[in-house]
Amino acid sequence: MVAVVTGAHIVARLLAPFESIHPEWPVWLDILLFNGLLVTAIVLGARPAVRLAGRHPEDWQAALSATPTAWLLGISLSGLVFHGIAKASLVTSIPLDCLGMLRGAWIHHDRSADPLWIRISSMLGHIGSHFAMPGLLLSAFQITHRVRSRPWLAYAGFAGVVIVYAAAIVSRSTVLSALVITALGVMLGIAGKGGGLRRLHRGALAMALFLGLALAFNYLVFKAKIDCGNHQTETRYVESNLVGTDVKLTSDSLVGKSFLTHSVLPTLQYLNHAIWNYSIILDTDRRGSSLLFGFVGDYLQRLGLAPPGAPKTRVHSLGGATLPGAAFHDYGIAGLAATAVAVGAWWVLGAALLVRGRRWRYVGLACLVGAGLSIAMNLLFVAPATMSFPFTLFAFLVCAGILPADGTAGDPVP
């Protein structure tokens, strides 16, 4: 996963016709260091997990294959209904072909003015809809690991819930999270002995289907923002987003050259913006509000456990600054190294708990998902700061609390 994510960002940077006034090569050196320490931590920590898996071979796979998903689909569909009720006034106020403008309307909407029942409906919508995330992982795993038709139906349902939920608030990070979780389900399904090529084929098909949905979502969002905004063209839209970023567009040769017109340049800008922000951090001694753990205060404020704090300050442009960049911003090179090791240890802990069995299995899945999202998004954001992250982990932990510990899979005896 580390190689795929880094490789994708390298390709995106090579294709991107942008130039920053801040040097980027120190950023890539830090990314190389971060990824090296991350992989080293996983490799060294994997030995105990491998020994544990050897004592209980593939019990966890049999258990995940037998885990029912219909109840998850029911909860997520119910959550989607609540989500629709809470966002109905926003959705109906914007033309259907301009839904890309919904995000601005949602962000600037005064939630405190909403009646209590709308706020409760919104909360239930966010919580319930995210039960589609464990459903996606389990159904992708079951599609990859076993040949059955039912997981495909569940998979389609969970994918539909995620796309509709994300469309109502125009959240690309939610769709990206779901794509990563689908990939984790496929990876777990491919693991183990036997049926390697058949599993790979089925897993690749499941990934391709959701990737297609994600690309279509991305295209429609950018198209709506350009067509319904004041930008008129893709180039003007991108240039307006570059104001104040110390980055300039050097060529518009990619504009209008494919059926993905309206999304190519904005997508390349999106994939590279955190790299540019990290280059700003490295090019200045100034520091702003915490980037690595700033989400903790946000969580507490949303739960009513902390008063509103002072406005946050930043030394970089809008958007993320990469996970290594956030760690370096707050704690320097030592913080970068410690964060890489911590994420690697989180992944290994998840793998060890997964093969441990019983209720620990689903806690392990939650750890793998948390670490996996942190790895997959590490060149964009601090994953726990994204909107979907806490709701996603909550859904996995609820699974750990209510799914049967013994099941039909012959779990290991503690």
Side-chain angles (χ1 to χ4, degrees), residues 2-32 34-35 100-101 103-104 170-173 175-176 179-180 211-284 314-326 328 376-381 386:
V2 174
V4 170
V5 170
T6 306
H9 278 273
I10 290 175
V11 171
R13 185 63 193 97
L14 293 174
L15 292 175
F18 300 97
E19 182 179 340
S20 172
I21 67 172
H22 304 280
E24 295 179 43
W25 63 267
V27 174
W28 290 104
L29 288 179
D30 281 0
I31 289 172
L32 180 64
F34 182 90
N35 286 341
M101 311 301 292
R103 183 166 183 83
V170 195
S171 175
R172 281 162 294 184
S173 64
V175 176
L176 178 58
L179 181 64
V180 173
L211 180 60
L213 288 174
L215 291 175
F217 181 88
N218 182 66
Y219 167 75
L220 292 173
V221 167
F222 280 128
K223 185 177 186 300
K225 286 187 175 184
I226 294 170
D227 290 346
C228 300
N230 298 320
H231 311 294
Q232 299 179 340
T233 67
E234 180 181 356
T235 301
R236 289 185 179 179
Y237 172 77
V238 169
E239 287 177 339
S240 69
N241 287 337
L242 292 177
V243 173
T245 64
D246 295 336
V247 176
K248 65 179 180 179
L249 180 66
T250 58
S251 169
D252 61 357
S253 61
L254 293 177
V255 176
K257 299 302 183 182
S258 77
F259 70 96
L260 291 177
T261 299
H262 292 304
S263 67
V264 175
L265 279 182
T267 299
L268 290 174
Q269 180 196 2
Y270 181 78
L271 291 175
N272 285 287
H273 81 275
I275 302 294
W276 298 326
N277 282 340
Y278 191 4
S279 69
I280 295 174
I281 291 172
L282 289 176
D283 211 23
T284 180
R314 63 171 72 202
V315 299
H316 58 80
S317 305
L318 293 176
T322 76
L323 178 58
F328 183 89
M377 295 185 181
N378 88 89
L379 297 187
L380 287 171
F381 316 107
T386 60

Qualifying residues under side-chain hydrogen bond (donor to acceptor under 3.5 Å, both in side chains), relative to [X], sequence neighbours excluded:
{"X": "His9", "result": "none"}
{"X": "Thr245", "result": "none"}
{"X": "Thr267", "result": "Asn218"}

Taking every non-hydrogen atom, the tightest pair across [X] and [Y]:
{"X": "Val5", "Y": "Ala376", "value": "CG1-O, 3.5 Å"}
{"X": "Val247", "Y": "Ser20", "value": "CG2-CB, 3.9 Å"}
{"X": "Asn241", "Y": "Gln269", "value": "CB-NE2, 3.2 Å"}
{"X": "Ala12", "Y": "Leu268", "value": "O-CD2, 3.6 Å"}
{"X": "His316", "Y": "Ala321", "value": "NE2-CB, 4.0 Å"}

Sequence-distant partners of [X], side-chain contact (heavy atoms from CB on, under 4.5 Å), two or more places apart:
{"X": "Ala214", "result": "Val175"}
{"X": "Val2", "result": "Thr6, Asn35, Leu38, Val39, Ile375"}
{"X": "Ala274", "result": "Thr322"}
{"X": "Leu211", "result": "Leu179, Leu215"}

Problem set entry | Qualifying salt bridge (charged side-chain N to carboxylate O under 4.0 Å, His left out) pairs, either residue in residues 22-32, two or more places apart |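 As it turns out, the salt bridge (charged side-chain N to carboxylate O under 4.0 Å, His left out) pairs with a partner in residues 22-32, which skip direct neighbours, are Arg13-Glu24.
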
Exercise. Does any pair with a residue in residues 241-250 pass salt bridge (charged side-chain N to carboxylate O under 4.0 Å, His left out), and if so which ones, sequence neighbours excluded?
Worked result: none

Nearest 0.5 Å, what's the [atom1]-[atom2] distance between [X] and [Y]?
{"X": "Leu380", "Y": "Ile275", "atom1": "CG", "atom2": "CD1", "answer": "8.0 Å"}
{"X": "Asn277", "Y": "His273", "atom1": "CG", "atom2": "NE2", "answer": "6.0 Å"}
{"X": "Tyr237", "Y": "Leu242", "atom1": "OH", "atom2": "CG", "answer": "10.5 Å"}
{"X": "Tyr270", "Y": "Phe222", "atom1": "OH", "atom2": "CZ", "answer": "8.0 Å"}

Do the side chain of [X] and the main chain of [Y] share a donor and acceptor less than 3.5 angstrom apart?
{"X": "Arg236", "Y": "Glu239", "value": "no"}
{"X": "Thr250", "Y": "Pro17", "value": "yes"}
{"X": "Asp283", "Y": "Ser279", "value": "no"}

Problem set entry | Worked check of side-chain contact (heavy atoms from CB on, under 4.5 Å) between Val27 and Trp276 | CA-CA 9 Å; Val27 174; Trp276 298 326; over 6 Å; no

Exercise. Any side-chain heavy atom of Leu176 sitting closer than 4.5 Å to one from Thr386?
Worked result: no

Seminar exercise, completed: Sorted by chain and number, sequence neighbours left out, ring pair (Phe, Tyr, Trp, His ring centres under 6.0 Å) with Phe217 holds for none

